[in-house]
Structure formats: structure tokens, C-alpha cells
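Numbers for residues simply follow the sequence, beginning at 1.
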Amino acid sequence: QVQLVESGGGLVQAGGSLRLSCAASGRTASNYAMAWFRQAPGKEREFVAAITWSGGTSNYLNSVKGRFTISRDNAKNTRYLQMNSLKPEDTAVYYCAARSGSNLYTTPARYDYWGQGTQVTVSS
């Protein structure tokens with residue numbers, strides 16, 4: 001089992017920045033792909049970004065490319081999502097997810113482990 005705990009959410013004005021963190025514990029073996037998803041009220045959970053264990057490969061939702069950066073520090077078992085130039089449409093609960101293997105799926109059902117989520121609110 002892998003436990004994931006997100007932090008770093010909050011309220012920010014449009015154009016501002018936030019950095020989300022996801023701390024992993026438990027069976028944090030190697031070769032786990034990590035991802036961030038988000039869910040706005042009344043909408044389905046949406047893929048945001050994913051990264052391989054090595055950090056050598058990443059994938060992003062088109063609307064966040066150039067604004068968000070996913071990274072990981074395996075020594076600390078922590079993953080990050082740096083979010084810059086935030087927009088009101090980025091408002092959602094952000095979830096950290098993990099799955100064994102190196103494929104960077106964009107479908108929530110492909111991920112085995114989830115955090116509890118952290119709220120990000122961007123005001124206009």
C-alpha cells in the first residue's frame with residue numbers, strides 16, 4: 001500500500017502561483033508513475049500532469065502546458081506541482097495519484113493510489 005498526502009493548496013489571485021506537494025509513504029518502491037488530477041464542482045476528474053519514477057518523462061494537459069511543472073524528489077518521497085500564471089478556470093480540488101509502472105496514463109481508473117485532495121481557488 002502507498003499512502004499519499006497533498007498539501008499547498010489555497011486561495012490566490014489570477015496570475016499568481018502555488019506549489020502543491022504530495023508526500024508518499026508506505027510501500028514507496030521504485031518505478032511508480034505519479035500524477036496530478038483535478039476536479040471542479042459538477043465536473044469529472046481531469047488529468048493535469050504525470051511523471052515517471054526517474055523524472056525523465058512527463059505529460060501535461062494542454063491547457064496547463066507552459067504554466068505548470070511537475071517534478072519529484074525521490075529521496076524525500078515527495079512530488080510537486082508548480083503552478084504559475086493561475087487562472088480562475090484552474091479552480092478545483094487537486095489530487096495526487098500513483099500507479100506501479102512507467103506508463104503515464106491520463107485516465108483516473110488507471111491509478112491505484114490517491115490522496116485526499118487539496119483545494120485550489122483562483123479569484124479573478
Side-chain angles (χ1 to χ4, degrees):
Q1 289 290 332
V2 175
Q3 292 80 44
L4 304 173
V5 178
E6 302 98 333
S7 61
L11 173 64
V12 65
Q13 289 188 334
S17 299
L18 283 174
R19 188 177 81 158
L20 305 183
S21 299
C22 174
S25 60
R27 188 181 176 185
T28 54
S30 62
N31 202 28
Y32 272 79
M34 307 294 297
W36 288 94
F37 287 79
R38 66 187 181 187
Q39 189 166 18
K43 295 188 177 181
E44 293 186 350
R45 193 163 296 189
E46 175 183 54
F47 170 81
V48 176
I51 192 168
T52 54
W53 174 261
S54 67
T57 302
S58 59
N59 190 20
Y60 294 90
L61 176 70
N62 283 339
S63 63
V64 307
K65 284 181 180 178
R67 300 189 297 123
F68 292 9
T69 302
I70 189 171
S71 62
R72 60 193 304 162
D73 185 337
N74 290 335
K76 297 181 178 179
N77 284 328
T78 302
R79 289 78 184 149
Y80 304 97
L81 185 68
Q82 178 66 44
M83 304 186 296
N84 298 328
S85 302
L86 282 161
K87 304 176 180 180
E89 51 263 44
D90 294 318
T91 295
V93 176
Y94 283 70
Y95 297 90
C96 177
R99 65 177 307 277
S100 179
S102 58
N103 290 316
L104 301 182
Y105 293 109
T106 60
T107 304
R110 290 285 192 171
Y111 289 82
D112 303 308
Y113 306 102
W114 291 86
Q116 81 288 351
T118 184
Q119 177 70 47
V120 171
T121 303
V122 184
S123 63
S124 58

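- Minimum heavy-atom separation, A98 to Y32: CB-CD2, 4.3 Å.
- Between the side chain of E6 and the backbone N or O of Q116 there is at least one donor-acceptor pair closer than 3.5 Å.
- Under the 4.5 Å side-chain heavy-atom criterion for Ile, Leu, Val, Met, Phe, Trp and Tyr, Y60 and F47 are members of distinct hydrophobic clusters.
- Applying the disulfide (SG to SG under 2.5 Å) test to every pair with at least one member in residues 62-95, sequence neighbours left out, gives no pairs at all.
- R79 places no side-chain N or O within 3.5 Å of a backbone atom of I70 that could act as its donor or acceptor partner.
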Extract all donor-acceptor atom pairs below 3.5 Å that involve side chains of residues 17-24 and protein atoms in other chains or at least two apart in sequence.
{"residue": "S17", "atom": "OG", "partner": "N84", "partner atom": "OD1", "Å": "2.9"}

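- The aromatic rings of Y94 and F68 sit tilted relative to each other, their planes meeting at an angle between 30° and 60°.
- Under the rule for a side-chain contact (heavy atoms from CB on, under 4.5 Å), the partners of S124 that lie at least two apart in sequence or sit in another chain are P88.
- Between the side chain of R99 and the backbone N or O of R110, at least one donor-acceptor pair lies under 3.5 Å.
- A cation-pi contact links R45 to Y95, judged by a cut-off of 6.0 Å to the six-membered ring centre and 45° from its axis.
- Between F37 and W114, the angle of the ring planes lies from 30° to 60°, which puts this pair in the tilted group.
- Residues meeting the side-chain contact (heavy atoms from CB on, under 4.5 Å) test with S54, sequence neighbours left out: T52.
- With hydrogens and angles disregarded, no donor-acceptor distance shorter than 3.5 Å links the side chain of Y105 to the backbone of A50.
- In this structure the side chain of T57 never reaches within 4.5 angstrom of the side chain of N59, judged on heavy atoms.
- The disulfide (SG to SG under 2.5 Å) contacts involving residues 39-74 comprise nothing, where partners must be two or more places apart or lie in separate chains.
- From W36, atom CH2 reaches atom OG1 of T118 across 7.5 Å, with rounding to the nearest 0.5 Å.
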**Audit row: L4, M34, side-chain contact (heavy atoms from CB on, under 4.5 Å) steps and yes/no** = CA-CA 10 Å; L4 304 173; M34 307 294 297; 4.0 Å; yes
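- Nearest heavy-atom pair, A49 versus L81, reported as atom, atom and distance to 0.1 Å: CB-CD1, 4.3 Å.
- Judged as a salt bridge (Lys or Arg N to Asp or Glu O under 4.0 Å), and not counting sequence neighbours, the contacts of E46 are R38.
- Considering only heavy atoms from C-beta on, Q119 stays 4.5 Å or farther from L11 through its side chain.
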